[in-house]
Amino acid sequence: MTKAARAWLWCGLALACSDGAGPGLTPRTFRMGFSAIPPRPDQAITLQALNLWTSGHADAAIMHVSVPYRALLSGLGAPQEVRGNELGLANYYRAKGLRLVITVDVTNGLDRAAEDPVLDSLGRSITDTAIQRRYAEYVLALDSILHPDYLGLAAETNLIRLAAPDSVYQAVVTITNAAASKVLALGSPPRLYVSVQVETAWGRLQGGGSYAGIAQDLADFPFLDCLGLSSYPYLGGYRDPDSIPLDYYARLRAESARPVLVVEGGWTSLSLGAFISSPAEQARYLERQGRLLDSARAIAVFQLTFTDLDLSALTLPPGSILPLFAHLGLVDSALGPKPALTAWDRSFARPLAP
């Protein structure tokens with residue numbers, strides 16, 4: 001065998017033994033996906049967006065749902081509500097071959113100091129035992145009817161503890177632990193989690209920037225099989241994606257001694273006041289996030305919005321912070337691709353090796 005032939009042989013063996021199933025691609029441990037949040041309340045574009053991201057950009061889907069208190073308090077049973085609303089979307093995801101993750105949000109997702117806006121409008125609170133029963137009924141219906149692979153019982157618990165009245169946080173602790181016991185008693189439960197807010201865990205939202213950790217969350221929610229992460233680093237004072245510590249997720253995994261999955265997050269492609277960003281900056285964030293996920297050996301990553309939001313089609317209450325999250329999409333509100341989609345797809349092209 002000539003020297004040139006031996007060189008080609010060793011090159012071929014190196015490629016064959018590389019840690020990717022493709023041409024030198026490193027496997028990823030994490031599934032990837034989005035939710036069904038549309039750019040605007042329009043059924044046609046909602047279906048277009050769903051078809052777009054479920055066809056070659058995802059291998060999992062997330063449903064981030066609020067408890068339908070108004071319907072449940074009006075006398076509608078939780079199983080009937082889930083079959084009439086959430087089941088159709090869950091079946092769509094299953095037909096696409098996607099793993100299903102569900103987060104139940106029990107307070108106000110845009111204001112963690114406040115309770116669920118529907119409960120507020122009704123003058124009710126999750127501190128009420130009747131409301132707690134409705135929550136448990138809904139969680140059990142989601143589990144028994146939709147059979148998610150992962151089920152989150154609350155969102156951003158550390159930020160709720162920081163911002164909301166203690167009575168509200170204690171109610172979150174009470175209802176999630178009670179619901180977890182009931183889900184586990186059914187047999188063959190999904191893997192259970194709550195999510196924590198990563199910037200809060202790192203002390204970025206409290207000022208000072210020193211790592212605060214999640215010890216209280218781990219003590220208050222002992223049923224956790226895994227830990228959900230919510231991360232919007234640009235809101236935590238990071239101005240450059242490359243300045244995010246490489247152990248940004250891994251430190252939380254080490255502290256929790258559990259697998260982690262990013263259940264919401266992103267980086268805006270639009271400048272916000274003094275914060276300067278761009279579509280190219282957003283793409284760089286997704287590249288950096290891939291390294292953060294690898295460092296933590298994460299099991300999943302989700303963005304709640306695949307598309308940008310068309311704020312002109314929405315009626316926002318005064319002081320709403322929704323504009324801060326309006327340009328996280330990988331496509332714009334007309335479904336035109338942004339550079340971030342290419343960065344996402346580079347990660348998605350890596351062979352999955354959970």
Side-chain angles (χ1 to χ4, degrees), residues 4-35 49-62 93 96-101 149-150 191 198 226-229 231 233 240-254 259-267 269 279-307 328-331 336-354:
R6 285 196 300 271
W8 278 109
L9 176 60
W10 282 113
C11 183
L13 288 172
L15 286 173
C17 297
S18 68
D19 55 358
L25 295 178
T26 303
R28 56 181 165 93
T29 58
F30 48 91
R31 294 186 181 274
M32 304 174 66
F34 306 91
S35 82
L50 267 174
N51 184 63
L52 180 58
W53 70 256
T54 59
S55 301
H57 302 289
D59 47 26
I62 193 165
Y93 290 145
K96 290 277 190 171
L98 305 179
R99 295 289 180 90
L100 179 60
V101 177
D149 298 283
Y150 295 82
R191 300 183 73 182
V198 177
C226 48
L227 182 69
L229 305 180
S231 180
D240 184 337
D242 290 333
S243 68
I244 303 171
L246 190 60
D247 65 344
Y248 202 51
Y249 301 155
R251 188 167 182 180
L252 293 170
R253 175 178 178 137
V260 296
L261 62 163
V262 177
V263 293
E264 60 174 298
W267 188 284
S269 62
E281 184 95 338
Q282 181 192 31
R284 285 204 305 114
Y285 166 72
L286 287 175
E287 292 167 356
R288 180 65 172 177
Q289 187 186 45
R291 293 190 280 276
L292 306 183
L293 294 163
D294 287 339
S295 178
R297 293 191 58 79
I299 56 177
V301 59
F302 296 97
Q303 286 205 180
L304 295 184
T305 49
F306 174 68
T307 77
L328 302 181
L330 308 191
V331 300
K338 297 158 66 176
L341 182 61
T342 299
W344 176 276
D345 284 347
R346 276 198 291 268
S347 286
F348 188 68
R350 295 166 55 188
L352 178 65

Between Leu98 and Thr54, is a side chain to side chain contact (heavy atoms under 4.5 Å, CB included) present by the stated rule, with each step listed? CA-CA 8 Å; Leu98 305 179; Thr54 59; 3.8 Å; yes
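- The side-chain hydrogen bond (donor to acceptor under 3.5 Å, both in side chains) test applied to Ser243 returns no partner, not counting sequence neighbours.
- Here the side chains of Val262 and Leu293 are in contact, with some heavy-atom distance below 4.5 Å.
- Shown here are the side-chain contact (heavy atoms from CB on, under 4.5 Å) partners of Ser347, two or more places apart in sequence or in another chain: Met32.
- Judged as a side-chain contact (heavy atoms from CB on, under 4.5 Å), and not counting sequence neighbours, the contacts of Pro245 are Trp202, Tyr238, Asp247, Tyr248.
- The shortest non-hydrogen separation linking Leu227 to Leu252 is CD2-O, 4.3 Å.
- Not counting sequence neighbours, the partners of Arg284 by the salt bridge (charged side-chain N to carboxylate O under 4.0 Å, His left out) test are Asp240, Asp242, Glu281.
- Minimum heavy-atom separation, Ala58 to Phe34: CB-CD1, 4.5 Å.
- Listed for the Asp59 side chain is no donor-acceptor partner under 3.5 Å among the backbone atoms of Arg31.
- Screening Gln282, Arg288, Gln289 against Tyr285 for a side-chain hydrogen bond (donor to acceptor under 3.5 Å, both in side chains) leaves a single residue, Gln289.
- Surrounding CZ of Arg251 are more than 12 heavy atoms belonging to other residues, nucleotides or ligands, all under 6.0 Å away.
- Taking 4.5 Å as the limit, every side-chain heavy atom of Arg99 sits out of range of all side-chain heavy atoms of Tyr93.
- Smallest separation of non-hydrogen atoms from Pro351 and Leu25: CD-CB, 3.8 Å.
- Between Pro354 and Thr29 the shortest side-chain heavy-atom distance does not fall below 4.5 Å.
- Evaluation of the side chain to side chain donor-acceptor pair (under 3.5 Å) test over residues 290-306, restricted to residues two or more places apart or in two chains, returns Asp294-Arg350.
- For the pair Pro337 and Leu341, the tightest heavy-atom approach, listed with the atom from each and the gap, is CB-CD2, 3.8 Å.
- Residues satisfying the side-chain contact (heavy atoms from CB on, under 4.5 Å) criterion with Pro339, sequence neighbours excluded, are Pro279, Ala283.
- To the nearest 0.5 angstrom, Glu264 atom CD is 8.0 Å from Ile62 atom CD1.
- Expressed to the nearest 0.5 Å, how far CZ of Phe306 lies from OG of Ser35 amounts to 11.5 Å.
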Apply side chain to side chain contact (heavy atoms under 4.5 Å, CB included) to the pair Val263 and Tyr150, showing each step before the final yes or no. CA-CA 11 Å; Val263 293; Tyr150 295 82; over 6 Å; no
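- In terms of heavy atoms, Ile244 sits closest to Trp267 at CD1-CZ3, 4.1 Å.
- Distance CG/Leu261 to CZ/Phe30: 12.5 Å, rounded to 0.5 Å.
- Nearest heavy-atom pair across Val331 and Lys338 is C-CD, 3.5 Å.
- Aromatic ring centroids of Phe302 and Trp53 lie 6.0 Å or more apart.
- To the nearest 0.5 Å, atom CG of residue Leu52 and atom OG1 of residue Thr307 are 10.0 Å apart.
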